[in-house]
S.K.: 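Next up is a structure, given as structure tokens.
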Amino acid sequence: MELTQSTAVLHVGSQSDKHDLNYPVLKLTDIGVRFNNTVALRDITFELQAGERVAVIGPNGAGKSTLFNVISGVLAPSQGQVDIYGHVPGEHICIAYVSQRSQVDWQFPANVADVVMMGRIGRMGLFRWPKRADWQVVEEALELVGMSHLSKRQIGELSGGQQQRVFIARALAQEAQLMLMDEPLSGLDVKSQEDIFSILDKLRQRRVTVLVATHDLNLAAERFDRLMLLNQTLLGFGQADQVFTPELLSQAYSGSMRLIETPNGTMFLSDDHCCGGEEHTHD
Ligand code: ADP
Ligand code: MG
């Protein structure tokens, strides 16, 4: 399937939420995705609980973005089932998808507040005309991500870290309960990464469940409740000490990771992680 930029970025459903609280926030059962003859994902089964912060890790091409596309309903799986509170993804506006920055069209003529207001579309009434209450939600969301002072700025004129925060604000305005963030930390300097984490802490207080794809294994281990190690299939899912074993890591990263035994333990060097020519942006 062709994933258009606007589909990924502006993905909001239009139906009202249907939540059955007897079900987990997210449940995948035996999900498989094939693109022609390429298997992108197979046998993916897991559940998430409300308020969890989970890192999705795996080398380039492991299927992280494909997984997010399936969960958000942008891409139909070749097999298996996705349930959000017991219902298929298309019925939900409670999922927000902050896609990989490279997929976003920054020439889009809109200012920061407009972009955040797009998160309200699914919650607006028949005529889709923002009410005072909608603008208030937008303002609060911008406040939370520290972007109120730039609300009239064109989205294309912002730094990478600022753009990321605007898209998180849009997800907040959507009042999402499940947030998917595809590599939000890549290419950000340490300060901007910390800004993202302080927003994630606020989301945790609101019991928002967050899935974050990342290449940073250290941050994954230190700052997330559980780690999902992915390479086509789910190789491990649990706490860092269960997932970051030499066996599982070499299975996931076979070609692109070196394990070096030292007197103080095994050191993992991922080719993915370092020196990949990432741009570093500053706020
Ligand atoms: P990651 O996000 O972990 O880097 P992706 O989910 O982007 O991985 O890709 C997983 C696999 O699926 C890769 O082999 C990729 O080439 C393939 N793939 C992803 N999207 C498409 C598509 N639209 N058409 C064909 N193949 C695709
Ligand atoms: Mg990806």
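Counting starts at 1 for both ligands and their atoms, in listed order.
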S.K.: Can you run down the ring-ring contact (aromatic ring centres under 6.0 Å, His included) pairs that involve residues 176-196, sequence neighbours left out, and say none if there aren't any?
M.R.: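 Every pair satisfying ring-ring contact (aromatic ring centres under 6.0 Å, His included) with a residue in residues 176-196: there are none.
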S.K.: Please examine the side chains of I168 and L144, heavy atoms only from C-beta on, and report whether any two atoms are closer than 4.5 Å.
M.R.: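 They are not in contact (no side-chain heavy atoms under 4.5 Å apart), so the answer is no.
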S.K.: Decide yes or no for Y97 and N69: does some side-chain heavy atom of the first lie under 4.5 Å from some side-chain heavy atom of the second?
M.R.: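 Side-chain contact under 4.5 Å: yes.
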S.K.: Check whether any N or O atom of A62, backbone or side chain, sits under 3.5 Å from an N or O atom of ligand 1, and answer yes or no.
M.R.: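 Between A62 and ligand 1 (N or O atoms, distance only) the closest approach is under 3.5 Å.
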S.K.: Of all the atoms in ligand 1, which lie at a distance below 4.0 Å from a heavy atom belonging to N60?
M.R.: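 Those qualifying, in numeric order: 4 (O).
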S.K.: Under a 4.0 angstrom heavy-atom cut-off, which atoms of ligand 1 come close to T66?
M.R.: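 Every atom of ligand 1 under 4.0 Å from some heavy atom of T66: 5 (P), 6 (O), 9 (O), 10 (C), 19 (C).
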S.K.: List every atom of ligand 1 that sits less than 4.0 Å from any heavy atom of P59, numbering the atoms from 1 in the order shown and giving each element.
M.R.: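 Result: 3 (O).
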S.K.: Verify the distance test for T66 against the Mg ion (ligand 2): any N/O/S atom under 2.8 Å, yes or no.
M.R.: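 It does not: T66 brings no N, O or S atom closer than 2.8 Å to the Mg ion (ligand 2).
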S.K.: Side-chain contact test, heavy atoms from C-beta onward, threshold under 4.5 Å: evaluate it for F167 versus I155 and give yes or no.
M.R.: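 Yes. Closest side-chain heavy atoms under 4.5 Å.
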S.K.: I'd like to check T214 versus V56 (side-chain heavy atoms, cut-off strictly below 4.5 Å). Are they in contact?
M.R.: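 Sidechains of V56 and T214: no contact.
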S.K.: Run the contact test for G61 against ligand 1 with a 4.0 Å cut-off on heavy atoms, strictly below, and give the result.
M.R.: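 Yes, that is the case, since the closest heavy atom of the residue is under 4.0 Å from the ligand.
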S.K.: Using a 4.0 Å cutoff against the non-hydrogen atoms of A40, which atoms of ligand 1 qualify?
M.R.: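 Checking each atom against A40, I get 11 (C), 12 (O).
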S.K.: Is it the case that the side chains of Q81 and T29 hold a donor-acceptor pair, with the cut-off being a distance below 3.5 Å and no angle test?
M.R.: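 No donor-acceptor contact under 3.5 Å links the two side chains.
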S.K.: Considering both backbone and side-chain atoms of T38, is one of its nitrogen or oxygen atoms within less than 3.5 Å of a nitrogen or oxygen in ligand 1?
M.R.: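 In fact, backbone or side chain, T38 has no N or O that close.
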